[in-house]
*Asks:* 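I'd like to ask you about the structure that follows.
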Amino acid sequence: MDDIKEDIAAAAKALMSEGTVRKLTVTDIVERCNITRQAFYYHFENIPKMMEWILEKESDKLLAEIDKTKDIEAGLKRFFLLAVRTLPYARRSLESSYREEVEIIVSSCVEKLCTYIIDEMNLYKGYSRKEIRFIVRYHSQAILGLLKTWGKEDMNNIDDVVHNTFLLLSAKVIAL
């Protein structure tokens, strides 16, 4: 069953990366992977749910890699490289009628990463869950802001961007 989901996801990613469609549709996807619309809807409720599945899978792979290597800064770099590679998809998605859903999904994935890092590094001991939730939201929005304005200079200085992001995320907040 995951094989067909993978095929559907691969078709959607290919269509978006090629830029051949202004708006990604189920019709485009099923034609690309040679399945019926019913097959698509059997596996995914709609396009935003498919995008959510894709991002969740990528997120889970990344967190498993960080967990295995225990190198959080390297994991952050991998995250940024993955995010930069998918920026064209994200930008096209944000221009579509799925903008709001995509923003929520992407934000959720970044929050999941920040929460993982905070938990894994045992940061912010003595802070309430409410305070930690605020800290996660703050850092997530900062990372999303970086990605929204990402340019060549950022790519050329990715090690510095990653290192500074890591330092800021792991820094103790003096007062909320």
Side-chain angles (χ1 to χ4, degrees), residues 1-17 24 29 43-94 96 98-124 129 132-171:
M1 180 140 116
D2 267 0
D3 288 345
I4 294 174
K5 279 185 163 185
E6 293 285 351
D7 291 345
I8 293 169
K13 288 191 262 185
L15 286 164
M16 291 184 79
S17 68
L24 185 63
I29 295 168
H43 294 285
F44 297 107
E45 183 180 328
N46 52 34
I47 289 178
K49 290 294 182 190
M50 176 201 62
M51 290 178 183
E52 182 176 7
W53 184 84
I54 292 169
L55 288 172
E56 284 290 325
K57 246 179 123 67
E58 291 298 321
S59 243
D60 290 345
K61 277 191 234 177
L62 177 62
L63 293 179
E65 183 180 304
I66 294 171
D67 201 41
K68 183 175 145 188
T69 63
K70 300 295 184 204
D71 188 342
I72 292 174
E73 196 165 345
L76 258 177
K77 183 173 183 177
R78 181 152 157 26
F79 164 78
F80 271 100
L81 290 171
L82 176 66
V84 168
R85 195 175 74 233
T86 60
L87 274 175
Y89 310 133
R91 287 186 176 135
R92 282 194 192 92
S93 297
L94 292 174
S96 76
Y98 304 115
R99 177 188 180 102
E100 193 172 311
E101 292 97 332
V102 170
E103 284 178 339
I104 291 168
I105 293 165
V106 171
S107 182
S108 173
C109 287
V110 174
E111 284 184 17
K112 186 176 176 181
L113 174 65
C114 289
T115 299
Y116 174 85
I117 291 169
I118 287 170
D119 290 345
E120 188 65 23
M121 292 181 65
N122 203 17
L123 299 172
Y124 305 107
R129 287 313 287 164
I132 292 173
R133 175 77 182 117
F134 177 81
I135 292 166
V136 165
R137 284 182 44 228
Y138 175 84
H139 287 299
S140 298
Q141 291 306 308
I143 290 169
L144 290 169
L146 280 172
L147 292 172
K148 282 181 183 177
T149 60
W150 194 266
K152 261 185 188 168
E153 187 177 331
D154 296 309
M155 198 63 219
N156 292 337
N157 298 310
I158 191 164
D159 289 330
D160 291 335
V161 171
V162 169
H163 183 68
N164 290 330
T165 301
F166 176 74
L167 290 176
L168 288 170
L169 185 58
S170 60

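Side chains are part of it too, since the values below use all heavy atoms of this structure and drop only hydrogens, waters and symmetry mates.
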*Asks:* Rounded at 0.5 Å granularity, tell me how far CD1 in Ile143 sits from CD in Gln141.
*Replies:* 10.0 Å
*Asks:* Please determine whether the number of non-hydrogen atoms from other residues, nucleotides or ligands lying under 6.0 Å from atom OH of Tyr138 exceeds 12.
*Replies:* no
*Asks:* I want to check something: taking the side chain as every heavy atom from C-beta on, are Ile132 and Leu123 in contact at a cut-off of under 4.5 Å?
*Replies:* no
*Asks:* If you take all heavy atoms of Ser170 and Tyr124, which pair is closest and at what distance?
*Replies:* C-OH, 4.4 Å
*Asks:* Quick check: closest heavy atoms across Ile29 and Ala12, and the distance to 0.1 Å?
*Replies:* CD1-CB, 4.0 Å
*Asks:* So, for Val136 and Cys114, which heavy atoms are closest and what is the spacing to 0.1 Å?
*Replies:* CG1-CB, 4.2 Å
*Asks:* Give the intermediate values and the outcome of side-chain contact (heavy atoms from CB on, under 4.5 Å) for residues Leu147 and Asp154.
*Replies:* CA-CA 9 Å; Leu147 292 172; Asp154 296 309; over 6 Å; no
*Asks:* Rounded at 0.5 Å granularity, tell me how far CZ in Phe44 sits from NZ in Lys5.
*Replies:* 5.0 Å
*Asks:* Do side-chain atoms of Asp60 reach the backbone of Lys57 as a donor and acceptor pair under 3.5 angstrom?
*Replies:* no
*Asks:* Tell me the closest heavy-atom pair linking Leu62 and Phe79, and the distance in Å.
*Replies:* CD2-CB, 3.4 Å
*Asks:* Measuring from atom NE2 of His163 to atom CG of Asp160, what distance do you get when rounded to the nearest 0.5 angstrom?
*Replies:* 8.0 Å
*Asks:* Decide, yes or no, whether a salt bridge links Arg133 with Glu111 under the criterion of side-chain N to carboxylate O below 4.0 Å.
*Replies:* yes
*Asks:* Of Ile104, Ile105, Val106, Ile47, which is the lone residue that meets side chain to side chain contact (heavy atoms under 4.5 Å, CB included) with Glu52?
*Replies:* Ile105
*Asks:* Counting C-beta onward and ignoring hydrogens, is there a side-chain heavy-atom pair between Trp53 and Ile8 closer than 4.5 Å?
*Replies:* no
*Asks:* Could you tell me the separation between the CZ atom of Phe80 and the OG1 atom of Thr165, rounded to the nearest 0.5 Å?
*Replies:* 4.0 Å
*Asks:* Apply side-chain contact (heavy atoms from CB on, under 4.5 Å) to the pair Glu120 and Ile66, showing each step before the final yes or no.
*Replies:* CA-CA 10 Å; Glu120 188 65 23; Ile66 294 171; 5.7 Å; no
*Asks:* How long is the straight-line distance from CD1 of Ile72 back to CD1 of Ile118, given to the nearest 0.5 Å?
*Replies:* 10.5 Å
*Asks:* Indicate yes or no: at least one non-hydrogen side-chain atom of Met51 is less than 4.5 angstrom from one of Leu24.
*Replies:* yes
*Asks:* Between Val162 and Glu73, which heavy-atom pair has the shortest distance, and what is it?
*Replies:* CG1-O, 3.5 Å
*Asks:* Say you draw a straight line from NZ of Lys77 to CD1 of Ile158; how long is it, rounded to the nearest 0.5 Å?
*Replies:* 6.0 Å
*Asks:* Which heavy-atom pair separates Asp67 from Lys70 by the least distance, and what is that distance?
*Replies:* OD1-NZ, 3.1 Å
